[in-house]
Amino acid sequence: MRYDLVIFDNDGVLVDSEPISNTILAGYLTELGHPTSYEDSLRDYMGAAVHRVHDLILERSGQRLPADFDDVLHERVFAAFERELQPMDGAVEVLEKLAGDGVAYCLASSGSHERIRVGHRKTGLDQWFGEDRVFSSQDVGRGKPAPDLFLYAAERMGVAPEKCVVVEDSPLGVQAAVAAGMDVLGFTAMTPAERLVGADQLFGDLRDLVDLLV
């Protein structure tokens, strides 16, 4: 194994949440008078913490989102997760393989701890991720594309950045991993390969991941 730690993104890598959450986000922003398509949401916000939504809307419109925006958005997303969320194809097989081989892994997500836990309980992935393996942008000052979250996860797991590999499906996540000095494998299940510039390798099926780590 070339790496001492595998760091997974969560949304769109382990759980099939991006179509759900971006549909809801686009609809809510449009409802608030900021017309946003599903494709717009994927382009602008996929892989980002919610503060990016506030920042871009303010920058583009000069208007601030409502004070309860985060709470309403999370309530709608969590309700949809309970109805619809599934693990990504191959996620369980990959985690079983890594755990069986004794390979260290963790999760570093732009989502809140609550969002991560809601999704993992629904999909059954919670059995693979104890609290000591879950890191959120809530834990650091700046989310992706800043490297802070990945560096924090590596530090907490006791592994040097150059011995880590990140599994990411968003341009912002790839940028963050590169900035952290880590190798990054770009997952193209939802994201066109050309948008994951900077990834060391690209792959489209999680079942192929283990072979890329050796």
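Fair warning: this is a prediction, and the values are worked out from it, not measured in the lab.
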_Arg64, CZ atom: more than 12 neighbouring heavy atoms under 6.0 Å_ = no
*asked:* Please check if the number of heavy atoms outside Glu84 that lie under 6.0 Å from its CD is greater than 12.
replied: yes
d(Asp139 CG, His113 NE2) to nearest 0.5 Å is 3.5 Å
query = With a 4.5 Å heavy-atom cut-off, do Pro161 and Phe150 have their side chains touching?
reply = no
Exercise for the section: Could you go through the side-chain contact (heavy atoms from CB on, under 4.5 Å) check for Leu213 and Val103 one step at a time? Expected result: CA-CA 10 Å; Leu213 299 175; Val103 178; 5.6 Å; no
For this session: For the residue pair Val15 and His120, establish whether any side-chain heavy-atom pair is separated by less than 4.5 Å.
Result: yes
Salt-bridge contact Arg52-Asp55 (side-chain N to carboxylate O under 4.0 Å) | no
Asp89 meets the salt bridge (charged side-chain N to carboxylate O under 4.0 Å, His left out) criterion, sequence neighbours left out, with none
* Asked: How are the rings of Phe78 and His74 set relative to one another: parallel (under 30°), tilted (30 to 60°) or perpendicular (over 60°)?
  -> parallel
ask   = Can you check whether Asp9 reaches Lys144 side chain to side chain, under 4.5 Å on heavy atoms?
value = yes
Taken in chain and number order and not counting sequence neighbours, the residues that satisfy side chain to side chain donor-acceptor pair (under 3.5 Å) with Tyr105 are none
In short, Ile24 meets Val77 closest at the heavy-atom pair CD1-CA, 3.8 Å
Closest heavy-atom pair, Gly111 versus Ser136, reported as atoms and distance to 0.1 Å, is O-OG, 2.7 Å
| If Ile, Leu, Val, Met, Phe, Trp and Tyr residues are connected whenever their side-chain heavy atoms lie under 4.5 Å apart, and connections chain through other members, are Leu65 and Tyr45 in the same group? | yes
Problem - CD/Glu31: more than 12 non-hydrogen atoms of other groups inside 6.0 Å - result: yes
Exercise. Do Val13 and Trp128 share a hydrophobic cluster, counting only Ile, Leu, Val, Met, Phe, Trp and Tyr and linking them when any side-chain heavy atoms are less than 4.5 Å apart?
Worked result: yes
In short, Ala153 meets Ala108 closest at the heavy-atom pair CB-CB, 4.3 Å
The reported gap from NE2 in His51 to OG in Ser137 (rounded to nearest 0.5 angstrom) is 6.0 Å
Does the pair Phe203 and Asp211 meet the rule for a side-chain contact (heavy atoms from CB on, under 4.5 Å), with working shown?
CA-CA 11 Å; Phe203 70 106; Asp211 290 338; over 6 Å; no
d(Leu56 CG, His34 NE2) to nearest 0.5 Å is 12.0 Å
Closest heavy-atom pair, Leu85 versus Gly119, reported as atoms and distance to 0.1 Å, is CD2-CA, 3.4 Å
Distance col, row Leu185:CG vs Gln201:CD, nearest 0.5 angstrom, shows 6.0 Å
For residues Ser109 and Asp11, determine if any side-chain heavy atom of one lies less than 4.5 Å from a side-chain heavy atom of the other. yes
query = Using 4.0 Å as the upper bound for N to carboxylate O, is an ion pair formed by Arg117 and Glu131?
reply = yes
Any side-chain heavy atom of Leu196 sitting closer than 4.5 Å to one from Pro171?
yes
CG (Asn10) and CG (Leu107) are apart, to the nearest 0.5 Å, by 4.5 Å
* **Stepwise side-chain contact (heavy atoms from CB on, under 4.5 Å) check, Val165 with Arg2** => CA-CA 9 Å; Val165 62; Arg2 285 187 290 158; over 6 Å; no
key: Side-chain heavy atoms of Phe135 within contact of Ile7, under 4.5 Å   = no
Checklist entry - Take atom CZ in Arg207; do more than 12 heavy atoms of anything else shown fall under 6.0 Å from it? => result yes
Below 4.5 Å, heavy atoms only, C-beta onward: do Gln127 and Leu95 meet side chain to side chain?
no
Report whether Val72 and Leu29 are members of the same hydrophobic cluster (ILVMFWY, side-chain heavy atoms less than 4.5 Å apart, transitive linking). yes
Check the hydrophobic clustering (I, L, V, M, F, W, Y; side-chain heavy atoms under 4.5 Å; chains of links allowed) and say if Ile20 and Tyr38 are grouped together. no
What one should report as the nearest heavy-atom pair of Ala176 and Ala146 is CB-O, 3.3 Å
> Can Ser21 and Arg115 be counted as having a side-chain donor-acceptor contact under 3.5 angstrom?
Replying inline: yes
Note: Leu73 and Tyr28 closest approach over all heavy atoms is N-CE2, 4.1 Å
Next on the checklist: Do Lys163 and Met182 have side chains that approach each other closer than 4.5 Å (heavy atoms only, starting at C-beta)?
Outcome noted: no
| Does the pair Tyr3 and Leu5 meet the rule for a side-chain contact (heavy atoms from CB on, under 4.5 Å), with working shown? | CA-CA 6 Å; Tyr3 304 101; Leu5 178 65; over 6 Å; no
CG of Leu209 to CD of Glu93, rounded to nearest 0.5 Å, is 12.0 Å
